[in-house]
Amino acid sequence: MSEKLDKIGADRDRAKEKRDQWDARYKELCQKYIQQENTEIHEMVRAQNMTPDQLAEVLKALQNGMLPSPAMTPGAGAPDGLAGRTINTTESKEEEQDED
């Protein structure tokens, strides 16, 4: 083969190796991002002392439009504050009635 083709072929091979390295790095960063996101969600739920069932109820209510969407609420942070209080307040009232 010609010298030019050899050089272009070598450059192409190096570029492919770099691309493969960047693809692997990209996949690794995506996994780390998802893991951190899940950790933060878990911490928010735990901070509200919510059970998995309570979280499911809040998400269902949010999906059905029974709670305002955090994106639609001006100045609102994470939805856990309102959602957690709503669920916990209802359950507390029910528990108090059961004890009487």
Side-chain angles (χ1 to χ4, degrees):
M1 294 177 106
S2 74
E3 194 174 311
K4 284 186 176 183
L5 280 177
D6 290 342
K7 185 178 178 183
I8 293 170
D11 285 345
R12 181 188 61 192
D13 292 343
R14 280 192 299 272
K16 184 181 181 307
E17 286 178 30
K18 290 237 183 229
R19 183 192 69 193
D20 292 344
Q21 289 172 353
W22 278 107
D23 284 346
R25 177 72 174 142
Y26 177 76
K27 287 179 184 178
E28 178 186 339
L29 289 171
C30 284
Q31 289 174 343
K32 284 183 177 182
Y33 184 91
I34 290 170
Q35 184 178 16
Q36 182 61 35
E37 188 177 46
N38 288 343
T39 298
E40 290 182 20
I41 292 168
H42 184 261
E43 289 171 356
M44 285 187 272
V45 171
R46 286 291 178 201
Q48 294 300 315
N49 295 320
M50 294 177 73
T51 66
D53 291 335
Q54 289 172 324
L55 178 60
E57 287 180 36
V58 169
L59 294 175
K60 185 187 254 184
L62 187 62
Q63 199 172 36
N64 292 333
M66 296 170 64
L67 295 174
S69 173
M72 300 173 87
T73 307
D80 58 343
L82 174 63
R85 275 184 257 133
T86 303
I87 296 280
N88 291 339
T89 302
T90 304
E91 288 182 352
S92 296
K93 288 179 183 176
E94 290 173 358
E95 288 175 5
E96 289 173 6
Q97 289 174 354
D98 290 339
E99 291 175 2
D100 291 337

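There is a path of hydrophobic side-chain contacts, each under 4.5 Å, that joins Leu59 to Val45.
Other residues, nucleotides and ligands contribute more than 12 heavy atoms inside 6.0 Å of the CD atom of Glu37.
In this structure, CE on Met44 lies 11.5 Å from CE on Met50, to the nearest 0.5 angstrom. A distance of 9.0 Å separates OG1 in Thr51 from CZ in Arg46, rounded to the nearest 0.5 Å. Expressed to the nearest 0.5 Å, how far CD of Glu3 lies from CG of Asp6 amounts to 7.5 Å.
Under the rule for a side chain to side chain contact (heavy atoms under 4.5 Å, CB included), Arg12 has no partner lying at least two apart in sequence or in another chain.
Here Lys16 pairs with Asp20 in a salt bridge; the nearest charged N to carboxylate O distance falls below 4.0 Å. Ion pairing between a basic and an acidic side chain is recognised when a charged N comes within 4.0 Å of a carboxylate O; Glu28 and Lys32 show such pairing. Ionic pairing of Glu57 and Lys60 is not present here: no N-O contact between side-chain nitrogen and carboxylate oxygen is shorter than 4.0 angstrom.
For the pair Gln21/Arg25, no side-chain contact is recorded, criterion being any heavy-atom separation below 4.5 Å from C-beta on.
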**OP:** Would you sort out whether Gln36 and Glu40 count as a side chain to side chain donor-acceptor pair (under 3.5 Å), showing the intermediate values?
**Re:** CA-CA 6 Å; Gln36 182 61 35; Glu40 290 182 20; 3.1 Å; yes
